[in-house]
Amino acid sequence: MIVTIDPSALGPHFEPKAAEDKWDRLWSEWGVHRFDEAAAAPAFAIDTPPPTVSGSLHVGHVFSYTQTDVLARYQRMRGKNVFYPMGWDDNGLPTERRVQNYYHVRCESHVPFEPGLELRMADDAARKQPARRISRKNFIELCLALTAEDEKAFKVLWQRLGLSVDWSLEYSTIGDRSRRLAQWSFLDLMRKGQVYQVEAPTLWDVDFRTAVAQAEVEDRPVRGAFHKLRFAVEGGGSFVIATTRPELLPACVGVAAHPDDERYRGLLGKRAVTPLFRVPVPVFPSELVDREKGTGILMVCTFGDATDVQWWREQGLALRQVIGRDGLLVPLEFGSAAFPSLDPARANQAYGRLAGLKLKEAQKTIVELLRDASASAGDESPPLVEEPQPLEHPVKFYEQGDRPLEYITTRQWFVKILEHKQALVAAGERIAWHPDFMRMRFRNWTENLNLDWCVSRQRYFGVPFPVWYPLRADGTTDFERPILAAESALPVDPMSDVPPGFSESQRGQPGGFSGEPDVFDTWFTSSLSPQIVTGWFEKPERHKRLFPMELRPQSHEIIRTWAFYTIVKAWLHEREIPWRAAAISGWVLDPDRKKMSKSKGNVVTPTHIIDQFGADAVRYWSLAARLGTDTAFDEKVFAVGRRLVMKLYNASKYALAQSASEGPVTHPLDLAFLARLAETAARASELLDELDYAGALDVVERFFWSGYTDNYLELVKARARSESDPAGRSSAVSAAQTGLRVLLRLFAPYLPYVTEEVWSWGFAAATGHRSIHRAPWPNAEELPSSGADAGRAFDLACAFLDEVRRGKSAAGGTVGRQLATLRVAADASTVAALGPCLADLRAAARAEGELLEARPGLEPGTFQVVELVLAEKQARPEA
RNA sequence: AGGCGCGUGGCUCAGUGGUAGAGCGCUUCCUUGACACGGAAGAGGUCGGUGGUUCAAUUCCACCCGCGCCUACCA
C-alpha cells in the first residue's frame with residue numbers, strides 16, 4: 001500500500017490548537033470514544049477517579065488522568081469495548097466551604113427555605129458583614145449551582161487534553177443516581193446486618209461540628225507542655241502525674257500505672273483524689289502505661305485520647321464529658337452522682353471559671369488556678385509541682401480541620417469493617433497493584449484498623465440517610481426503631497420527605513416522626529463508583545458484564561480512603577473485588593520537590609501550558625513518568641514533547657511525499673528494518689499490557705528517532721526516488737510507509753492529535769479506518785515474519801552510518817558532505833551481510849566505490865574507517 | 001519507632017550478574033532536498049558507604065548513612 005500526498009499543501013509546522021479543535025469535534029461526531037452496549041467485543045471498564053471539583057485545576061490533574069487515558073486508548077485499539085466514564089465528586093466539605101466563602105453564607109437547619117433565592121459572589125463590602133444565614137435547602141441549591149460551574153471547567157480541560165472519555169457516561173456523586181445508589185447501599189447493608197448506630201465516644205471536629213472517620217485523620221506536630229500535677233491518695237499520701245492536657249482535669253475519671261512499676265504498686269486498688277476538684281477516682285494497673293514517659297503514672301479522662309476511650313470501656317469508668325460539640329467547656333455541677341466531689345463547693349467554684357471557655361483558654365485558666373492553689377498550699381504538697389515543660393508532640397487532626405480532634409460521645413452510624421479485616425486483606429491480595437509495592441500500603445492500613453467506619457456526618461451538602469425515627473408519646477426519639485425508606489422511593493430526603501405511613505403534619509409531633517438530619521461520609525458514596533457507573537441493581541445485565549472492572553487508576557495517598565472503602569463496599573455487597581488492577585500514580589512536585597497544592601500557592605495551571613506547547617506535548621510529559629513515581633514539574637520536558645510531535649509531523653510529511661509503483665517489500669535492508677520494527681511493536685505491547693506505558697513510550701520513541709528518522713529514512717532516501725531501480729524503489733517507499741503506519745499507531749495513544757492528523761492525510765482512506773484511534777493496534781501479521789536475527793542487516797547499516805558520520809565530523813565535514821574516498825574495514829561476515837545494501841550505504845555516506853573491505857580480527861558488527869577524504873566543496877546545483 | 005520506596009554524569013530519570021544509558025544542559029560544527037519548533041560530533045559517571053556471596057556485583061545478600069512517603073506515637 002503506497003500513499004502519495006502533495007506536501008506543499010501542508011504547513012511547515014504542526015499547529016496544535018487547530019488540530020485539537022478539529023479532531024475534538026470529529027471524534028465527538030464520529031463517536032470514537034463511545035462504549036458500545038450492543039458490541040460483542042470484550043469490555044475493558046475503567047473506574048475513573050471522580051475529581052473533587054471544588055479544588056482548583058492544576059497540572060497534577062493533567063498528569064494522572066492522562067496516564068489513564070493512554071491505557072484506555074491502547075485497549076480501544078486492541079479491539080476492546082472500552083468503558084471509560086467520568087464523574088465529579090462534588091458532595092462534601094470542600095464544596096460546602098467553597099460555597100460559604102464564595103457567597104459568604106452559613107447554613108442553619110432551622111432557617112426557613114427561601115424559594116427563588118439568588119446570590120452572587122460576595123464582594124468586599126458584603127464580606128465585612130456577618131455571613132447570611134440560609135436554609136439547608138437553599139444552601140444545597142448554591143452548592144449545586146457552584147459545582148456545576150466547576151465541573152464545566154474540568155470538562156473543558158479534560159477535552160483539551162484529549163481524554164477519550166465517553167461523555168455519555170458522565171455522573172456526579174451528588175446526582176440523583178448516585179444518591180439513589182448510596183441510599184440503596186445503606187439499605188442493603190442494613191439488610192445484611194453490616195451497619196449499626198451507637199452512642200459512643202467518636203472522633204469529632206469541633207469547628208465543623210461533625211464526626212469523622214479514622215481514614216480522615218492525620219497527625220500534626222503541635223507545641224504543648226508537660227504539666228506535673230499532684231494527686232492526693234485517699235487515706236493519705238500523694239503522687240505526681242504528667243499531662244499535656246490539664247484542662248481535662250475536671251474530666252479525670254481514673255489513674256493508671258504499670259503493674260510492674262515498683263514506685264506506684266502501693267497505689268493500685270486505692271482511690272486517688274484529683275486536685276482542685278477533689279474527685280476520688282480509682283487507680284488501676286495497665287500494661288499500656290509507659291513507665292518512661294512523664295512520671296510513669298497518668299490520669300485517665302473522658303476523653304483525652306484513644307487509650308482513654310479504651311480504659312474507660314475496660315475499667316467501666318465514669319463518664320464526665322466536659323468538652324461540648326462546639327469545643328467549649330460545658331456547664332456542669334459537681335456534687336451529683338456523675339460528678340462526686342469531696343468538696344463540691346470548691347469544685348464548682350473552680351469549674352465556674354472554666355465553663356464556656358475554649359480549650360486553650362481553659363488550659364491557661366486551670367494552670368492559674370493550680371498555681372494559686374499551690375501558693376496557698378505551701379511547700380508541702382503543691383498541686384502544680386513545677387512550671388510546665390514545653391514539648392512538641394503529634395496530635396490528631398481532621399485532615400481538613402484547624403483544631404485538634406476530640407473524642408466526644410455522640411450517636412453515630414457505623415459500617416462494620418473490623419470483623420472483615422482478614423477478608424479485606426485477602427481481597428487486596430487478589431488485586432494486581434501497579435507498582436506492586438503499593439499493595440503494602442493497602443495491607444498495612446487494613447491490618448492496623450482499629451475503628452469501624454463511622455459513616456454519619458453532621459453536615460448539609462451530602463447524601464442523606466434514608467431514615468426516620470418514631471417519636472414517642474412523650475416526644476422523645478426512639479432511635480432503636482428506625483424507619484427505613486422504601487427502595488422504590490429512593491432517593492429520599494428525610495427532612496422534607498415523609499416516611500411510609502405518616503403525614504407531613506406528624507413531623508416533630510409526639511407519636512409522629514423525625515427525619516435523620518445526618519448525611520453520609522462522602523466516601524460512602526464515592527466508594528460506590530464502580531456500582532454507579534456499571535448500573536448495579538438498575539442494570540443488572542450491564543453490571544454483570546462490567547463488574548469487577550478492569551482498572552482503577554488513582555494516587556497513593558487515597559489508598560486508605562478511596563481504594564479501601566471501594567474494596568469494602570464490593571466485599572460487603574457482593575463478596576467481590578471491585579477491579580482486577582489498580583494503577584497508582586505519583587504526584588506532581590514543584591521544582592523544589594514539594595507536592596503541588598493550592599494551600600502552598602505553588603500550583604501551576606494547566607491551560608497556559610497546553611496553549612504554549614500543545615496537548616500532545618503536555619501528554620508526553622505526563623506519559624514519560626512511570627506509575628507510582630513522583631515527578632517534578634519541568635517545562636523542558638514539554639519542549640521535548642513538542643519536538644517529538646514536530647519530528648513525527650515532518651518525518652510523516654516526507655515519507656508520504658514519496659511515490660512509487662505498488663510493489664512488495666523485497667530489499668534485505670527494508671525487510672531487516674521491518675523486522676526490528678516488529679520487535680519494537682511487540683515489546684511495546686508487552687509493556688502496555690503490564691500498564692507500563694512509560695516503558696513502552698521509551699521503546700517506541702527510541703526506535704522512531706534512532707531507527708526510523710536518523711537511520712532508515714537516510715539510508716533509503718536515494719533508492720526511494722531512484723529512476724533506475726523501480727523494484728527497489730517500491731520496496732523502499734513501501735517499507736518507509738509501512739513503518740510510518742505502524743509507528744503512528746504505536747504513538748497514537750500518547751499523541752492522539754498529531755497522529756490523527758497525519759493518519760488523515762492518506763492512511764485513513766487507504767486502510768478504511770477513518771480514525772487512527774479505532775484502527776487496530778499493530779500486530780505481527782502485518783509485518784514480515786522476523787526469523788532469528790532478521791534485523792541484522794539493518795543494525796549493521798546503522799552502525800556503518802554511525803562510524804562514517806563520526807569519521808566525517810572528525811575530518812571537519814558535515815553529514816551531507818561528499819566524500820572523495822571512503823574505505824571502511826569490517827570482518828568478513830559483516831561485509832558479506834551488507835553486500836546487498838552497498839548502494840544504499842554509498843548514497844547515505846555520499847561516497848563512491850567499494851567502501852567495505854574485509855579485515856580479520858575485527859569484532860563482527862564493528863567498523864573501522866581506514867581512509868576518509870572529503871571531496872572539494874561543491875556549489876549546489878541550481879534546482 | 002515500624003513498613004515501603006529511593007540514592008546512577010551538572011539536572012531529570014532509564015537500566016543490567018559480564019568493559020555504564022537516554023533526554024535536557026554544556027562544547028564544537030552545519031541553513032544538506034522532511035524537519036533551525038532542526039541536524040551532526042564531542043566532553044562528562046570509581047552507579048550513597050562498608051562488608052559478604054560469586055570466576056565476575058552498579059545489579060544479589062547483610063549492615064550503615066542520607067532523602068521521601070505511609071503507619072504508629074496526644075499520658
Side-chain angles (χ1 to χ4, degrees), chain A residues 7 10 12-14 218-222 224 226-227 241-245 248 255-257 288-290 293-301 303-308 311 391 393-396 404-407 435 437-445 447-448 450 556-557 559-560 586-587 589 591 593 595 613-614 617 624-626 628-632 634-637 639-640 642-658 694-695 698-699 701-702 705-706 709-710 713-714 717 721 802 805-818 846 876-877 879:
Chain A
L10 302 170
H13 301 300
F14 177 63
E218 66 183 26
D219 283 0
R220 294 182 203 160
V222 167
F226 253 139
H227 301 70
I241 62 100
T243 179
T244 56
R245 300 201 65 183
L248 288 177
V255 167
L288 295 173
V289 175
D290 180 351
K293 209 160 182 176
T295 56
I297 187 164
L298 58 89
M299 68 171 182
V300 178
C301 306
F303 296 95
D305 62 21
T307 337
D308 280 352
W311 280 320
L391 66 101
H393 61 156
V395 175
K396 287 193 191 311
L405 288 168
E406 299 297 341
Y407 283 89
F437 64 76
M438 289 294 180
R439 76 171 62 247
M440 294 301 295
R441 297 272 179 97
F442 176 81
R443 193 194 300 161
N444 287 344
W445 172 257
E447 284 175 346
N448 291 319
N450 50 42
H556 48 68
E557 84 276 18
I559 289 175
R560 73 175 190 177
W587 285 337
L589 309 175
R593 303 203 69 76
K595 190 195 175 189
F613 295 97
R626 299 177 125 69
T629 310
D630 297 344
T631 297
D634 183 2
E635 283 212 0
K636 283 172 187 142
V637 185
V640 174
R642 184 175 55 188
R643 200 169 69 107
L644 173 63
V645 169
M646 291 302 169
K647 192 73 172 176
L648 200 50
Y649 179 86
N650 283 306
S652 302
K653 200 162 66 173
Y654 168 74
L656 290 173
Q658 308 305 310
D698 186 61
V699 164
E701 198 186 353
R702 205 178 289 278
W705 280 111
S706 142
T709 68
D710 290 357
L713 290 183
E714 294 302 329
K717 236 170 204 176
R721 52 174 182 263
D802 249 16
R805 279 195 278 246
R806 242 193 303 280
K808 269 191 189 178
S809 184
T814 60
V815 203
R817 184 75 171 270
Q818 286 290 327
R846 310 279 202 278
R876 257 178 57 196

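As the structure is a computational prediction, the values presented were derived from the model and not from experiment. Below, read A as the first sequence line, B as the second, and so on, with proteins coming before strands; counting in each chain starts at 1.
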S.K.: Could you tell me which residues satisfy side-chain hydrogen bond (donor to acceptor under 3.5 Å, both in side chains) with A:E218, sequence neighbours excluded, listed by chain and number?
M.R.: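 Result, side-chain hydrogen bond (donor to acceptor under 3.5 Å, both in side chains) vs A:E218: A:R220.
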S.K.: For A:E447, which residues count as a side-chain contact (heavy atoms from CB on, under 4.5 Å) partner, sequence neighbours excluded?
M.R.: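 Per chain and number, A:E447 pairs via side-chain contact (heavy atoms from CB on, under 4.5 Å) with A:V425, A:R443.
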S.K.: If the cut-off is 4.0 Å, is A:K396 near the phosphate of B:A72, judged by side-chain N/O to OP1 or OP2?
M.R.: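 Result: no.
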S.K.: State whether A:R806 places a side-chain N or O below 4.0 Å from either non-bridging phosphate oxygen (OP1 or OP2) of B:G42.
M.R.: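 Answer yes for this pair, as a side-chain N or O of A:R806 is under 4.0 Å from OP1 or OP2.
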S.K.: Could you go through nucleotides 1-10 of chain B and list every protein N or O atom that sits under 3.5 Å from one of its N or O atoms, giving the distance for each pair?
M.R.:
from	atom 1	to	atom 2	distance (Å)
B:G3	O2'	A:N444	ND2	3.3

S.K.: A:R805: what forms a salt bridge (Lys or Arg N to Asp or Glu O under 4.0 Å) with it, not counting sequence neighbours?
M.R.: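 A:D802.
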S.K.: Could you list all N or O pairs between the protein and nucleotides 58-63 of chain B that sit under 3.5 Å apart?
M.R.:
none

S.K.: Identify all side-chain donor-acceptor contacts of residues 651-658 of chain A below 3.5 Å with residues at least two apart in sequence or on another chain.
M.R.:
from	atom 1	to	atom 2	distance (Å)
A:S652	OG	A:L648	O	2.5
A:K653	NZ	A:G11	O	3.3
A:Q658	NE2	A:Y654	O	3.1

S.K.: Just to be sure I follow the notation: if a pair is Watson-Crick (purine N1 to pyrimidine N3 plus N6-O4 or O6-N4) or a G-U wobble (N1-O2 and O6-N3), each under 3.5 Å, what dot-bracket string does RNA chain B give, with | for pairs to another strand?
M.R.: (((((((..((((....[..)))).(((((.......))))).....(((((..]....))))))))))))....
S.K.: Can you give me the N/O atom pairs linking the protein to nucleotides 23-26 of chain B at distances under 3.5 Å, or say none if there are none?
M.R.:
from	atom 1	to	atom 2	distance (Å)
B:C24	OP1	A:R643	NH2	3.3

S.K.: Is the phosphate of B:A34, meaning OP1 or OP2, less than 4.0 Å from a side-chain N or O of A:K717?
M.R.: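 Answer is yes, contact under 4.0 Å.
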S.K.: Partners of A:E701 by salt bridge (Lys or Arg N to Asp or Glu O under 4.0 Å), sequence neighbours excluded?
M.R.: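 Here no residue qualifies.
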S.K.: Once salt bridge (Lys or Arg N to Asp or Glu O under 4.0 Å) is applied, do any residues pair with A:R626, and if so which ones, sequence neighbours excluded?
M.R.: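 For A:R626 the salt bridge (Lys or Arg N to Asp or Glu O under 4.0 Å) partners, ignoring immediate neighbours, are A:D692.
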S.K.: It should be established whether A:K647 places a side-chain nitrogen or oxygen under 4.0 Å from OP1 or OP2 of nucleotide B:G39.
M.R.: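 For B:G39, OP1 or OP2 has a side-chain N or O of A:K647 closer than 4.0 Å.
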S.K.: Under the rule for salt bridge (Lys or Arg N to Asp or Glu O under 4.0 Å), what residues qualify as partners of A:D698, not counting sequence neighbours?
M.R.: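 For A:D698 the salt bridge (Lys or Arg N to Asp or Glu O under 4.0 Å) partners, ignoring immediate neighbours, are A:R702.
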S.K.: Partners of A:D710 by side-chain contact (heavy atoms from CB on, under 4.5 Å), sequence neighbours excluded?
M.R.: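 Checked A:D710 against side-chain contact (heavy atoms from CB on, under 4.5 Å); zero matches.
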S.K.: Which part of the nucleic acid does A:G294 contact within heavy-atom distance under 4.0 Å: base, sugar-phosphate only, or nothing?
M.R.: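 No contact.
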